[in-house]
Engineer: 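Submitted below is the structure of interest, expressed as structure tokens.
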Amino acid sequence: YLVAPGLAAIHGWSYAASAARKHLELSQGMSMIYGHTHRADHVQVQSVWGKQPLEAISCGCLCNLTPSYKNGQPNAWTHGFVLGYIGSRSHTLYFIPIHKGCCVLPDGKEIKI
């Protein structure tokens, strides 16, 4: 899904430990929001062409953190979401972690689910 010029949201292509970097490598010069790994991850690099930095960010997930198919195995899944401010020339993405049903937005507003 094309969110804005230079920014796409996808399910995901990699679940590797360095998935954010792998998504940037595969994105062909576009920033990515993805969720395939179910864990929070972020990487940002400066474009060699002087445009806005490129980034890949995973929001974690909103599902149960202990899936039945993993048979109780530990994992690095996290609850969270990505909040984005999209401008005409650039964008800013924030990872918002959710802990015990609460999160704090960049403006300091606390939300309890």
Side-chain angles (χ1 to χ4, degrees):
Y1 176 78
L2 187 61
V3 176
L7 176 63
I10 63 168
H11 175 83
W13 300 318
S14 172
Y15 55 87
S18 57
R21 194 157 297 280
K22 187 66 174 174
H23 279 86
L24 267 189
E25 179 184 306
L26 295 170
S27 73
Q28 299 181 0
M30 185 173 293
S31 289
M32 308 298 296
I33 301 169
Y34 68 96
H36 185 57
T37 64
H38 292 222
R39 63 183 185 266
D41 198 5
H42 179 250
V43 67
Q44 184 180 69
V45 298
Q46 181 59 48
S47 168
V48 296
W49 305 111
K51 297 181 181 179
Q52 176 164 334
L54 299 173
E55 59 189 316
I57 186 169
S58 173
C59 49
C61 63
L62 297 175
C63 63
N64 186 335
L65 296 181
T66 54
S68 59
Y69 74 88
K70 301 233 349 135
N71 296 321
Q73 298 173 24
N75 65 59
W77 290 14
T78 56
H79 284 145
F81 61 96
V82 172
L83 175 65
Y85 293 97
I86 309 299
S88 60
R89 290 172 288 196
S90 66
H91 60 265
T92 301
L93 302 175
Y94 296 96
F95 166 67
I96 310 295
I98 300 171
H99 183 66
K100 295 185 178 181
C102 291
C103 68
V104 179
L105 300 178
D107 65 359
K109 182 178 180 182
E110 185 176 19
I111 297 175
K112 182 162 176 72
I113 300 170

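Hydrogens, waters and symmetry mates play no part in the numbers below; they use all other heavy atoms, side chains included.
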Engineer: For P67 versus N75, what's the shortest heavy-atom pair and its separation?
Structural biologist: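 Where P67 meets N75 most closely, the heavy atoms are CD-ND2, 3.8 Å.
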Engineer: Between H11 and Y34, is there a donor-acceptor pair closer than 3.5 Å when you use the side chain of the first and the backbone of the second?
Structural biologist: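 Here the side-chain-to-backbone pair does not exist.
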Engineer: Calculate, to the nearest 0.5 Å, the distance between atoms OG and CD belonging to S18 and E25 respectively.
Structural biologist: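 If I round to the nearest 0.5 Å, the distance is 8.5 Å.
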Engineer: I'd like to know if the side chain of T78 and the backbone of G60 have a donor-acceptor N/O pair within less than 3.5 Å.
Structural biologist: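 The answer is no, because no donor-acceptor pair under 3.5 Å joins these two groups.
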Engineer: How far apart are the closest heavy atoms of W13 and M32, and which atoms are they?
Structural biologist: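 Heavy atoms only, the tightest pair is CH2-CE, 3.7 Å.
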Engineer: Minimum heavy-atom separation for A56 and A20, please, with both atom names.
Structural biologist: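 Closest approach of A56 to A20, heavy atoms only: CB-O, 3.3 Å.
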Engineer: L83 and I86: same hydrophobic cluster, using ILVMFWY side-chain contacts below 4.5 Å?
Structural biologist: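 No, it is not one cluster - the side chains of L83 and I86 are not joined through contacts under 4.5 Å.
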Engineer: Checking the side chain of E110 only, and the main-chain atoms of C103 only, is there a donor and an acceptor separated by less than 3.5 Å?
Structural biologist: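 Side chain of E110 to backbone of C103: no pair is present.
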Engineer: Does the side chain of L24 reach to within under 4.5 Å of the side chain of E55, using non-hydrogen atoms?
Structural biologist: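 L24 does not reach E55 side chain to side chain.
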Engineer: Mind listing the closest non-hydrogen atom pair of G35 and S58 along with its distance?
Structural biologist: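 Scanning both residues completely, I find the closest heavy atoms to be CA-OG, 4.0 Å.
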Engineer: For a side-chain contact (heavy atoms from CB on, under 4.5 Å) with I10, tell me which candidate from M30, H23, H36 qualifies.
Structural biologist: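 Of the listed options, the one satisfying the test is H23.
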Engineer: Same hydrophobic cluster for Y69 and Y15, using side-chain heavy-atom links shorter than 4.5 Å among ILVMFWY?
Structural biologist: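 In one cluster with Y69: Y15, no.
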Engineer: Where is the tightest heavy-atom contact between G29 and L54, given as atom of each residue plus distance?
Structural biologist: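 Smallest interatomic distance, heavy atoms only, reads O-CD2, 3.4 Å.
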Engineer: Nearest 0.5 angstrom please: R21 CZ to H42 NE2, how far?
Structural biologist: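 If I round to the nearest 0.5 Å, the distance is 10.5 Å.
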Engineer: Side chain to side chain contact (heavy atoms under 4.5 Å, CB included), that's the test. Do Y94 and Y85 meet it? Break it down for me.
Structural biologist: CA-CA 9 Å; Y94 296 96; Y85 293 97; 3.6 Å; yes
Engineer: Going through the distances and angles, do L7 and I33 end up as a side chain to side chain contact (heavy atoms under 4.5 Å, CB included)?
Structural biologist: CA-CA 8 Å; L7 176 63; I33 301 169; 4.1 Å; yes
Engineer: Nearest 0.5 Å, what's the CD1-SG distance between I111 and C102?
Structural biologist: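 Result: 10.0 Å between the selected atoms.
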Engineer: Mind checking the CD-CD spacing from Q52 to Q44? Nearest 0.5 Å is all I need.
Structural biologist: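 One gets 8.0 Å once the value is rounded to the nearest 0.5 Å.
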Engineer: Do L2 and L93 share a hydrophobic cluster, counting only Ile, Leu, Val, Met, Phe, Trp and Tyr and linking them when any side-chain heavy atoms are less than 4.5 Å apart?
Structural biologist: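 Cluster IDs for L2 and L93 differ.
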Engineer: Looking only at non-hydrogen atoms, find the nearest pair between S31 and P53 and report the distance.
Structural biologist: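 The pair with the smallest heavy-atom distance is OG-O, 3.8 Å.
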Engineer: In this structure, are over 12 heavy atoms from other groups packed under 6.0 Å from H99 atom NE2?
Structural biologist: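 Check fails, neighbour count at 12 or below.
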Engineer: Spell out, yes or no, whether L105 and I98 are grouped together once hydrophobic residues are joined by side-chain heavy atoms under 4.5 Å, including indirect joins.
Structural biologist: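 Yes; tracing contacts between hydrophobic side chains, which count when under 4.5 Å, links both residues.
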Engineer: Can you find a pair of side-chain heavy atoms, one from P106 and one from I96, that are under 4.5 Å apart?
Structural biologist: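 P106 reaches I96 side chain to side chain.
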Engineer: Say you draw a straight line from CG of D41 to NZ of K22; how long is it, rounded to the nearest 0.5 Å?
Structural biologist: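 Between atom CG of D41 and atom NZ of K22 there are 14.0 Å.
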Engineer: How about H38 and C63: do any of their side-chain heavy atoms sit closer than 4.5 Å?
Structural biologist: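 The answer is yes, as the side chains (C-beta and beyond) meet within the 4.5 Å cut-off.
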Engineer: Measuring from C59:SG to F81:CZ, what's the distance to the nearest 0.5 Å?
Structural biologist: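 These two atoms lie 10.0 Å from each other.
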